[in-house]
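Numbering of ligands and ligand atoms starts at 1, following listing order.
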Amino acid sequence: MKIISVVGARPNFIKISPFIKEIEKYNSLSRNSISHILVHTGQHYDNKMSLNFFNELNIQKPDINLNIGSGSHSEQVGNTMISFEKVLIEKKPDWVVVVGDVNATLACSVAAKKMKIKVCHIESGLRSYDKSMPEEINRLVTDRLSDLLLTPDKFSTDNLIKEGVKENRIVFVGNIMIDTLFNNINKVNNISFKELINNNLVEDQVISNFNYKNNFGIITMHRPSNVDFKNILKPLVDFFINFVGKRMPLIWTVHPRTKKQLIKFKLWDSLLYCKDIIILEPLGYLEMLKLNMHSQIMFTDSGGLQEECTVLGTSCITLRSNTERPITLYENGGVSLLSGNDLNSIKDNFNLLVNKNFKSVKPELWDGKTAKRCLDAILSYN
Ligand code: UD1
């Protein structure tokens, strides 16, 4: 059997890592080895957004990099399809495995299906029911086309059944990102907090007062709906500086898209000079895990962090008005409150969650064995 796995953007590397290790394990134990090719579309290309993850998660270097780079959605998807089709023609895989919901996921599943190659989608069935999110379009199209749909939770399975997907094509496997979390959690002990901060500061900042043993919060934001408009981003920045920052120190790990917008809207300097907020470069996987484990509260619009907070028991203010991951919500037994970018709602939720000490929550099959179930599902597909 020949499998091509596709990655393109930062969260994909974290999801594919345990799947690749599972293939390696299978090949070391079985006589019928799987020929595996890793294709990186190149959507993320900075070392801090890409290469560093391959190194620290010990993932094989991509066999092929399509070097697509940044661009509009259509440019990214179109260029990926054109390049990936050439790979498919040459390599003739039996399966293309895509993960998550980024542009690479959509582009490569479409290219594969047009060549009558089977597609397996890991993290299938998530729905925000919000088509203004590019990721929702990517999920809908990918799931519509996939032969094998591997879901992280029962909500996702139900979504697919409601959409008319035949049940024999859906397998509930659990959350593959949590495999990576369990595989790596012990490694964070070796990371020094002081070095983590000092090695990742964006520019000179005054940080002498920062004591991580006290409660601190983390901010991450990169969704276009939060960072692409000044009338939304500026009040959020002011709120972090003038309200949350006055109550607890904050660490903001800044995504390149967000940095560009903060500079464009002339908000960057006010953040750098704010002594209550430390601004860091995008962090590696282990560094972010370390911060998450030690923090009191997370402000984020990232789906992956919502999930990691759930398993680590970190209170999470989700800076979105909807989520494709309802299992992480407080009302469903999780740790996250949907807050959108409305300041009153963020403030209320902050007051509610700030002193909560959640225990770790492990939804069904978030047990570190998802990658094995993914590979088993592919091997037993007929
Ligand atoms: C993408 C995914 C999003 C995911 C996020 C994780 C889609 C539609 N979006 O969003 O679902 O949550 O990745 O990070 O696929 N840039 C750099 N260096 C890089 C990559 C990007 O500077 O290595 C900058 C460029 O200015 C680029 C911008 O960031 O235009 C946005 O990057 P892009 O890959 O288009 O989308 P993300 O916002 O990262």
Problem - Between Ser109 and His121: side-chain donor-acceptor atoms closer than 3.5 Å - result: no
Practice task
Scan side-chain atoms only and decide if Asn175 and Lys15 contain a donor-acceptor pair under the 3.5 Å cut-off.
Solution key: no
Practice task
Measure from NZ or CZ of Arg247 to the centre of the six-membered ring of Phe243, then state whether that distance is under 6.0 Å and the direction lies within 45° of the axis.
Solution key: yes
Practice task
Could you find the nearest protein heavy atom to atom 18 (N) of ligand 1 and give me its residue, atom name and distance?
Solution key: Asp46 OD2, 2.9 Å
Completion exercise
among protein heavy atoms, the one nearest atom 7 (C) of ligand 1 is Gln43 NE2, 3.6 Å
Handout entry: Closest protein heavy atom (residue, atom, distance) for atom 24 (C) of ligand 1
Key = Pro256 CB, 3.7 Å
Completion exercise
protein heavy-atom neighbour closest to atom 19 (C) of ligand 1 works out as Tyr45 CZ, 3.6 Å
Exercise for the section: Give a yes or no on whether a salt bridge exists between Lys246 and Asp276, defined as a side-chain N under 4.0 angstrom from a carboxylate O. Expected result: yes
Exercise for the section: Provide, to 0.1 Å, the distance between atom 11 (O) of ligand 1 and the closest protein heavy atom, together with that atom's residue and name. Expected result: Glu135 OE2, 2.5 Å
Handout entry: Protein residue, atom and distance nearest to atom 27 (C) of ligand 1, heavy-atom basis
Key = Ser70 OG, 3.3 Å
Practice task
Using a 4.0 Å heavy-atom cut-off, say whether Pro224 meets ligand 1 through its side chain, its backbone, both or neither.
Solution key: neither
Handout entry: Structural part of Arg257 in contact with ligand 1, heavy atom criterion under 4.0 angstrom
Key = both
Problem - Test side chain to side chain donor-acceptor pair (under 3.5 Å) applied to Thr314 and Ser295, step by step - result: CA-CA 7 Å; Thr314 308; Ser295 71; 4.6 Å; no
Problem - Test item, His73 contacting ligand 1 (heavy atom, 4.0 angstrom) - result: yes
Completion exercise
If you scan protein heavy atoms around atom 12 (O) of ligand 1, the nearest is His222 NE2, 2.8 Å
Problem - Polar contact flag for Lys260 and ligand 1 (N/O pairs, less than 3.5 Å) - result: yes
Practice task
Please check if any side-chain donor atom of Thr253 sits under 3.5 Å from a side-chain acceptor atom of Thr220, or the reverse.
Solution key: no
Problem - Close approach, Lys48 and ligand 1, non-hydrogen under 4.0 angstrom - result: no
Exercise for the section: May I ask you to identify the nearest protein heavy atom to atom 32 (O) of ligand 1, giving residue, atom name and distance to one decimal place in Å? Expected result: His44 NE2, 4.3 Å
Practice task
For the pair Arg325 and Glu123, find out whether any cationic side-chain nitrogen is under 4.0 Å from an anionic carboxylate oxygen.
Solution key: yes
Exercise for the section: Output yes when a side-chain donor or acceptor of Ser5 lies under 3.5 Å from a complementary backbone atom of Ile3, and no otherwise. Expected result: no
Exercise for the section: Would you check if the distance from the ring center of Phe216 to the ring center of Phe193 is below 6.0 Å? Expected result: yes
